[in-house]
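These values consider heavy atoms only, across backbone and side chains, with no hydrogens, waters or symmetry-generated copies. Everything numeric here is computed off the predicted structure, so don't read it as measured data.
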Amino acid sequence: MAEDTGNVIEKSCAAKVKNNCTPFGAIYGLGMIGAAIYYISQAATFWAGVLGLLKAFVWPVFLVYEALKFLGD
């Protein structure tokens, strides 16, 4: 009986595994790296570089905002 219970547990655990790999994660990652390089290279001070690094994490927000502002005109 112990073998039957183990097989049921193994089957139920195997059924829950999901693979959520999409190419959009890679695109976002490359965009973030490119934005970080751009913002940091344009920074004149250390704190401007830190702000640029923070902006690199949220660059899609700026993109969507400007696109919606453009489309709303």
Side-chain angles (χ1 to χ4, degrees):
M1 273 195 162
E3 291 178 22
D4 292 337
T5 315
N7 288 338
V8 171
I9 292 172
E10 287 178 20
K11 288 180 183 177
S12 66
C13 290
K16 293 181 182 179
V17 175
K18 287 187 176 182
N19 188 1
N20 293 330
C21 294
T22 61
F24 299 111
I27 293 170
Y28 179 78
L30 288 173
M32 187 178 71
I33 292 170
I37 291 170
Y38 172 77
Y39 284 129
I40 291 172
S41 68
Q42 298 296 316
T45 64
F46 172 76
W47 290 111
V50 171
L51 180 63
L53 191 60
L54 293 173
K55 282 183 179 181
F57 285 111
V58 295
W59 66 269
V61 174
F62 297 120
L63 180 70
V64 170
Y65 175 76
E66 291 296 329
L68 291 175
K69 190 168 75 170
F70 176 74
L71 293 173
D73 288 340

Asker: If every non-hydrogen atom of Gly31 is compared with every non-hydrogen atom of Trp59, which pair is closest and at what distance?
Answerer: C-NE1, 3.6 Å
Asker: So with a 6.0 Å cut-off around CZ of Phe57, is the heavy-atom count from everything else above 12?
Answerer: no
Asker: I need the full list of salt bridge (Lys or Arg N to Asp or Glu O under 4.0 Å) pairs touching residues 56-65, with sequence neighbours left out, sorted by first then second residue.
Answerer: none
Asker: To the nearest 0.5 Å, how far apart are CD1 in Ile40 and CD in Gln42?
Answerer: 11.5 Å
Asker: Between Ala48 and Ala43, which heavy-atom pair has the shortest distance, and what is it?
Answerer: C-CB, 3.7 Å
Asker: Which pairs pass salt bridge (Lys or Arg N to Asp or Glu O under 4.0 Å) with one or both residues in residues 56-72, sequence neighbours excluded?
Answerer: Glu66-Lys69
Asker: Assigning hydrophobic clusters by single linkage (Ile, Leu, Val, Met, Phe, Trp, Tyr; side-chain heavy-atom cutoff under 4.5 Å), is Tyr28 placed with Leu63?
Answerer: yes
Asker: So, for Leu53 and Ala36, which heavy atoms are closest and what is the spacing to 0.1 Å?
Answerer: CD1-CB, 4.1 Å
Asker: Which other residues end up in the same hydrophobic cluster as Leu54, if Ile, Leu, Val, Met, Phe, Trp and Tyr are linked when side-chain heavy atoms come under 4.5 Å apart?
Answerer: none
